[in-house]
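Keep in mind that the numbers below use all heavy atoms, side chains included, and drop hydrogens, waters and symmetry copies. Naming convention: chains lettered A, B, ... in sequence-line order (proteins, then strands); numbering from 1 in each chain.
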There are 2 protein chains.
Amino acid sequence: MDFPKPLQLSVDRTSPVPLYFQLSQQLEAAIEKGTLTPGSLLGNEIDLANRLGLSRPTVRQAIQALVDKGLLVRRRGVGTQVVHSQVKRPLELSSLYDDLEAAGQKPATTVLRNTFEPATAEVAAALGVPEGSDVHLVERLRYAHGEPMARLRNHLPTGLLPLDTEYLEGTGLYRLMRGAGITLHSARQTVGARAATAQEADLLTETEGAPLLTMERTTFDDTGRAVEFGSHIYRASRYSFEFQLLVRP
Amino acid sequence: MDFPKPLQLSVDRTSPVPLYFQLSQQLEAAIEKGTLTPGSLLGNEIDLANRLGLSRPTVRQAIQALVDKGLLVRRRGVGTQVVHSQVKRPLELSSLYDDLEAAGQKPATTVLRNTFEPATAEVAAALGVPEGSDVHLVERLRYAHGEPMARLRNHLPTGLLPLDTEYLEGTGLYRLMRGAGITLHSARQTVGARAATAQEADLLTETEGAPLLTMERTTFDDTGRAVEFGSHIYRASRYSFEFQLLVRP
DNA sequence: TAGTGGTCTAGACCACCCG
DNA sequence: GGGTGGTCTAGACCACTAG
């Protein structure tokens, strides 16, 4: 049996991009494009290394990155295969703004509140600050297609970053945070549902008692500091959470 | 400055367990126990390798595993630090049965239906089988604390595994699948909310129009085959999805 | 038995961060 | 400038799978 090998791989040793990463990207692109078809074998690591003038560990590192992404599966004694389609993104720290933008919906935002308030017990516990101490409160209404989609309420430690209302209406909160040099690391989320109150229904142009999706999220940076506590509500009639996940191997 | 080094590390070269894995587990245990405190530096990789009689790549592999888990953070020019707490589990392919059991709630299950049915367009698309061909249908009511919690409806390809009603009432579906030698690989989920119909409300002892959490999930094995399509409803008053996630580095 | 991935070694040079 | 992690090499032996 002969392998279809229209696979054009090469690395640029003058580039500052790591060799394993160059290879990894090329393989991913080939999978994406369909040049590497699902189920096909990748060819063994040694040959691949020789062909590219790389060492085997470097080639393995490239392949491992794609295995971690769920695009490839290794089988001892068999080889490395392309997974049969179906993998998209492994659940990111989703930003509603980015989600909507990716869907081509050019989201709009209205800032309802942008102030400081004393922390409630719940907020204080989430952010790890003393109860009653001032925290930043941002409340926004997010639109898509000119219709309200969600009410986003965020609490942040004071002094973490400047939050101009103008900026908040032009982009997402996470993007602002990353721009301020904050390295997001992990988050703990709870997703539930409940009925809309009269006030919430009014804000979201729903009827009282309509089902709402709720999400609470505490986000931490890489030093373990809580950088944001959000409690959001979404119109269940217009929005749902969608994500891909990989099973722990 | 002296490092607190009550850290007892060793590897057993006669063990079949990979050296990097032994080290990784010991480090994780030390973090779990608090011997390695959040924010503390791990000591540089070269020393660690020398101290254990390992090569640096092996030590790096052990550390990398914990970085991937979100327990450690590497900083070039600084060192490797223990993350300040907060990381629990990085979102697994959650089984309601396992979740409830972990919460000490000894879940009970009633099988409502366990039959074969022709696949609807939606089910056929999800499972990758011809529309109208027979698929396995399992419908269960899950209880916790003697109260109904969720109605779980699963469609599976025929012939994948035997699904005795008796087994289904004693454990979770994923556990049955793993026991049948199926390697779960990835899943695509959608979580939303809607109002309960009269029939659903009756089944779940809610009132008509009460908010329900909905989840649809297609699960794939490592060959890319769809092994299960589920569309479930949960009482929003009694249940919410909770998970930890890591930000793509 | 032949071929594959899984693990491991003992070096090397570089980029980055800090004092 | 000294120390850290980031990358890379050129080998080696083993465990598993297949035919």
Side-chain angles (χ1 to χ4, degrees), chain A residues 1-3 9-27 39-68 71-83 181 183 185 222-223 249, chain B residues 1-3 9-25 27 39-68 71-83 181 183 222-223 249:
Chain A
M1 160 152 47
D2 58 340
F3 293 154
L9 295 173
S10 64
V11 292
D12 173 8
R13 300 191 88 98
T14 70
S15 164
V17 178
L19 300 176
Y20 81 90
F21 194 76
Q22 291 183 38
L23 176 53
S24 176
Q25 280 189 317
Q26 287 178 48
L27 290 174
S40 64
L41 287 170
L42 206 58
N44 77 58
E45 299 170 349
I46 316 264
D47 285 354
L48 200 52
N50 290 337
R51 202 158 20 116
L52 291 166
L54 296 174
S55 69
R56 186 183 168 206
T58 301
V59 170
R60 276 184 64 80
Q61 193 175 0
I63 292 175
Q64 188 58 47
L66 298 183
V67 171
D68 290 341
L71 295 174
L72 297 176
V73 179
R74 293 206 235 233
R75 297 171 195 278
R76 196 190 297 221
V78 177
T80 303
Q81 285 179 308
V82 180
V83 164
T183 306
H185 176 264
D222 60 1
T223 71
Chain B
M1 163 152 43
D2 59 342
F3 292 154
L9 295 173
S10 64
V11 292
D12 173 10
R13 301 192 87 99
T14 71
S15 163
V17 178
L19 300 177
Y20 82 89
F21 194 76
Q22 291 184 38
L23 176 54
S24 176
Q25 281 189 316
L27 290 174
S40 64
L41 287 170
L42 206 58
N44 78 56
E45 299 170 348
I46 315 264
D47 285 354
L48 200 52
N50 289 339
R51 197 150 33 110
L52 291 167
L54 297 174
S55 69
R56 186 183 168 206
T58 301
V59 171
R60 276 184 65 80
Q61 193 175 0
I63 292 175
Q64 188 59 46
L66 298 184
V67 170
D68 291 341
L71 295 174
L72 297 176
V73 179
R74 293 206 236 232
R75 297 172 193 277
R76 196 190 297 221
V78 177
T80 303
Q81 285 179 309
V82 180
V83 162
T183 305
D222 60 1
T223 71

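For the pair Arg51(A)/Leu48(A), a side-chain contact is recorded, criterion being any heavy-atom separation below 4.5 Å from C-beta on. Within the 4.5 Å cutoff, side-chain heavy atoms of Val73(B) are placed close to those of Asp222(A).
Partners of Thr183(B) under the side-chain hydrogen bond (donor to acceptor under 3.5 Å, both in side chains) rule, at least two apart in sequence or in another chain, do not exist in this structure. Applying the salt bridge (Lys or Arg N to Asp or Glu O under 4.0 Å) test to Arg56(A) and every residue at least two apart in sequence or in another chain returns Glu45(A). Applying the side-chain contact (heavy atoms from CB on, under 4.5 Å) test to Asn44(A) and every residue at least two apart in sequence or in another chain returns Ile46(A), Asp47(A).
Proximity of Tyr20(A) to the phosphate of dT7(D): a side-chain N or O atom is located under 4.0 Å from OP1 or OP2. Applying the 4.0 Å criterion to OP1 and OP2 of dG6(C), one finds that Arg60(A) has a side-chain N or O inside that range. Listed pair Thr80(A) / dG5(C) meets the phosphate criterion, a side-chain N or O lying under 4.0 Å from OP1 or OP2. Using a 4.0 Å cut-off, some side-chain N or O of Asn44(A) falls inside it from OP1 or OP2 of dT4(C).
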>> Counting primed atoms plus P, OP1 and OP2 as sugar-phosphate and everything else as base, spell out the protein contacts along nucleotides 9-19 of chain C at 4.0 Å heavy-atom distance: B, S or - for each nucleotide, 5' to 3'.
In response: BB-B--BBB--
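Rounded to an integer number of Å, the gap from CZ of Arg74(A) to P of dT17(D) is 16 Å. For the pair Ile63(A) CD1 and dT4(C) P, the computed distance is 12 Å after rounding to whole Å. Atom CD1 of Ile46(A) is separated from atom C1' of dT7(C) by 13 Å (rounded to the nearest Å). Regarding Phe21(B), its CZ atom lies at a distance of 17 Å from the C1' atom of dC8(C), rounded to whole Å. Atom CD in Gln61(B) sits roughly 9 Å away from atom C1' in dG6(C) (whole-Å rounding). The separation between Glu45(A) atom CD and dC16(D) atom C1' is 14 Å, rounded to whole Å. The nearest whole Å value for the distance from the CG atom in Leu42(A) to the P atom in dG5(C) is 8 Å. The distance from atom CD of Gln81(A) to atom P of dT17(D) is 14 Å, rounded to the nearest whole Å.
Stem analysis of DNA chain D (Watson-Crick or G-U pairs, both distances under 3.5 Å, runs of at least three) returns C:1-18 with D:1-18.
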Please table the atom pairs, donor to acceptor, closer than 3.5 Å between any side-chain atom in residues 15-23 of chain A and protein atoms at least two apart or in another chain.
from	atom 1	to	atom 2	distance (Å)
Ser15(A)	OG	Val17(A)	N	2.9
Gln22(A)	OE1	Asp12(A)	N	2.8
Gln22(A)	NE2	Asp12(A)	O	3.0
Gln22(A)	NE2	Val17(A)	O	2.9

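Judged by distance alone, the side chain of Gln81(B) and the main-chain N or O of Gly39(B) form a donor-acceptor pair under 3.5 Å.
To the nearest 0.5 Å, atom CD of residue Gln61(B) and atom CG of residue Leu66(B) are 11.5 Å apart. Rounded to the nearest 0.5 angstrom, Leu41(A) CG and Leu72(A) CG are separated by 11.0 Å.
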